[in-house]
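Note on naming: letters A, B, ... go to the chains in the order of the sequence lines (proteins, then strands), and numbering restarts at 1 for each one.
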Amino acid sequence: RERKDRLVESLLGRASPVEAKYLVKIMIGEMRTGFQEGLMELAVSRAFSTPLELVQKASMLTGDIGEVAYLLKEHGEAALSKLGLRLMRPLKPMLAQMAESPREAIEEHGGETAFEYKLDGARIQIHKVGEKVKVFSRRLTDVTDSLPEIVQAVREGVKAHEAVLEGEVIAVGRDGHPLPFQHLMRRFRRVYEIEKMLREIPVKLYLFDLLYVDGESLIDEPYLERRNRLSRVVEGIPLTEQLVTGNPAEAERFFRKALEEGHEGLMAKRLDSPYKPGVRGKHWLKIKEPLEPLDLVITAAEYGYGRRHGWLSDYYLAARDEETGEFLVVGKTFKGLTDQEIIEMTERLKRLAIMEEGNRVVVKPEIVVEVAYNEIQKSPKYKCGMALRFARITRIRDDKSPEEVDTIQKVRKIYEKQFEKKARL
DNA sequence: CCTGTCTGCCCC
DNA sequence: ATTCTGC
DNA sequence: GCAGAATGGGCAGACAGG
């Protein structure tokens with residue numbers, strides 16, 4: 001630590017003021033140069049005079065642009081064209097776009113589609129070669145050691161020597177009902193005391209895709225074929241509940257049933273779609289439903305960074321305690337307002353300012369907003385012990401006074417109601 | 001050893 | 001994760 | 001239509017300090 005301090009001190013001492021400014025920006029991660037993987041693929045393509053499409057395809061398959069560059073340098077373009085799906089090396093997961101309703105998904109997919117329950121857990125990709133099993137997270141981290149019972153289930157239930165499968169892990173209660181997402185996270189990337197938590201929080205695997213089986217890549221096969229092959233290759237591991245239909249009313253009932261059983265919603269998968277690693281397209285759609293909206297009051301705000309510099313763009317949202325009259329924070333959001341609305345909100349909040357401390361401005365509780373969210377979580381962070389998950393502003397309620405915002409008692413009631421569908425620890 | 005704070009090609 | 005914006 | 005920017009809650013783990 002002391003050595004670090006001295007090094008930084010001497011570095012800054014030798015820098016000019018402008019140099020010092022950018023050195024500090026680099027050190028605290030505020031350069032915002034916006035150089036992400038898309039640009040890196042373009043750079044690799046140009047550097048080795050290789051077609052961009054080839055680089056992108058290789059990047060999808062390996063999930064590692066660094067490795068693509070290495071392969072090109074060492075073995076040239078031919079190595080990339082030969083590249084296929086490789087066992088024990090994860091590929092990037094295919095991603096979904098949002099849809100508003102089952103009906104919209106049916107229309108988007110040309111009259112008929114496959115709906116699957118969307119479970120509120122963590123996406124995993126499983127590679128199996130004989131008794132050897134590896135489990136990868138969505139960002140391709142190896143999480144095998146955290147999930148011994150999943151590994152065991154795959155060894156026993158996947159009737160193929162080699163396989164690459166995808167599924168969702170969720171935490172389940174004693175009755176088999178899903179536990180809230182936050183309990184799963186106590187297991188998911190755990191390294192220590194795995195055995196102890198194994199008993200406290202059981203996890204369960206639901207499979208939904210098969211990308212490779214015994215020497216054969218299935219990623220270019222249509223969804224229905226992959227799903228059929230999956231159902232034939234596993235025994236004793238559940239697949240996500242599925243319904244193929246073009247009937248909007250039937251699809252809507254399936255959606256309600258998924259929600260009623262405590263799940264997040266539905267996925268809709270185009271029947272003839274190949275598996276496109278790393279692509280967020282319309283072949284897969286996700287359909288969720290927010291809980292009933294809350295009217296909350298803004299009690300504080302923070303200045304934004306980057307393109308939101310100088311604007312109060314992040315808002316503390318509070319409900320009223322009907323016993324004490326106090327406003328209690330239940331979450332924070334920066335989502336839902338347009339740039340223009342943020343500018344106007346900044347002006348209004350500045351006029352209501354009571355106190356400034358650092359980046360935060362505490363304001364007189366006066367501005368009421370309607371807020372959508374997907375779950376109420378148990379929170380160690382807020383005094384009321386609850387927090388909104390995925391909170392976003394849906395409307396500014398200038399017709400409502402702060403006395404009329406929803407109460408903390410109502411928030412607690414909605415929190416409790418979630419356990420009619422979900423299990424409790 | 002215990003506690004508080006910060007970080008994560010983190011999970012959502 | 002969700003949302004808005006610029007291309 | 002798409003990528004990019006801006007940032008939420010919560011968790012385990014790493015690290016600093018006492």
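- Look at the C1' atom in both dT7(D) and dT7(B): the space between them is 16 Å, to the nearest Å.
- Of the candidate nucleotides dC11(B), dT5(C), dC9(B), dT5(C) has the atom lying nearest to any side-chain atom of Thr338(A).
- Residue Phe188(A) is classed as a sugar-phosphate contact, given heavy-atom separations below 4.0 Å to backbone atoms only.
- Between dT5(C), dT7(D), dA12(D), one nucleotide has an atom nearer to the side chain of Arg186(A) than all others, and that is dA12(D).
- Base contact: Arg189(A) has a heavy atom under 4.0 Å from a base atom.
- Comparing dC11(B), dG9(D), dC12(B) against the side chain of Arg123(A) picks out dC12(B) as the nearest.
- Residue contacts shown for Ala122(A) are limited to sugar-phosphate atoms, with no base heavy atom under 4.0 Å away.
- Residue contacts shown for Gly66(A) are absent, as no nucleic acid heavy atom lies under 4.0 Å away.
- At a threshold of 4.0 angstrom between heavy atoms, the contacts of Gln97(A) are confined to the sugar-phosphate backbone, with no base atom among them.
- Among dG9(D), dG13(D), dT7(D), the nucleotide with an atom closest to any side-chain atom of Arg190(A) is dG13(D).
- The listed nucleotides are dC11(B), dC9(B), dT2(C); the one nearest the side chain of Phe390(A) is dT2(C).
- Under the 30°/60° scheme for interplanar angles, the aromatic rings of Tyr117(A) and His263(A) are found to be tilted.
- Among dC12(B), dT7(D), dC11(B), the nucleotide with an atom closest to any side-chain atom of Val143(A) is dC11(B).
- By the ring-ring contact (aromatic ring centres under 6.0 Å, His included) test, Tyr415(A) is found to be paired with Phe419(A), residues two or more places apart in sequence or in another chain being considered.
- Minimum atom distance to the side chain of Pro380(A) is reached by dG10(D), of the listed dG10(D), dA14(D), dA5(D).
- A cation-pi arrangement, defined by a distance under 6.0 Å to the six-membered ring centre and an angle within 45 degrees of its axis, is present between Arg389(A) and Phe181(A).
- Rounded to whole Å, the C1' atom of dT5(B) lies 23 Å from the corresponding atom of dC9(B).
- A side-chain contact (heavy atoms from CB on, under 4.5 Å) with Tyr275(A) holds for exactly one of His283(A), Glu221(A), Glu166(A); it is Glu166(A).
- Among dT2(C), dC11(B), dG10(D), the nucleotide with an atom closest to any side-chain atom of Met98(A) is dT2(C).
- With sequence neighbours excluded, the residues that form a side-chain contact (heavy atoms from CB on, under 4.5 Å) with Asp398(A) are Arg348(A), Ile396(A).
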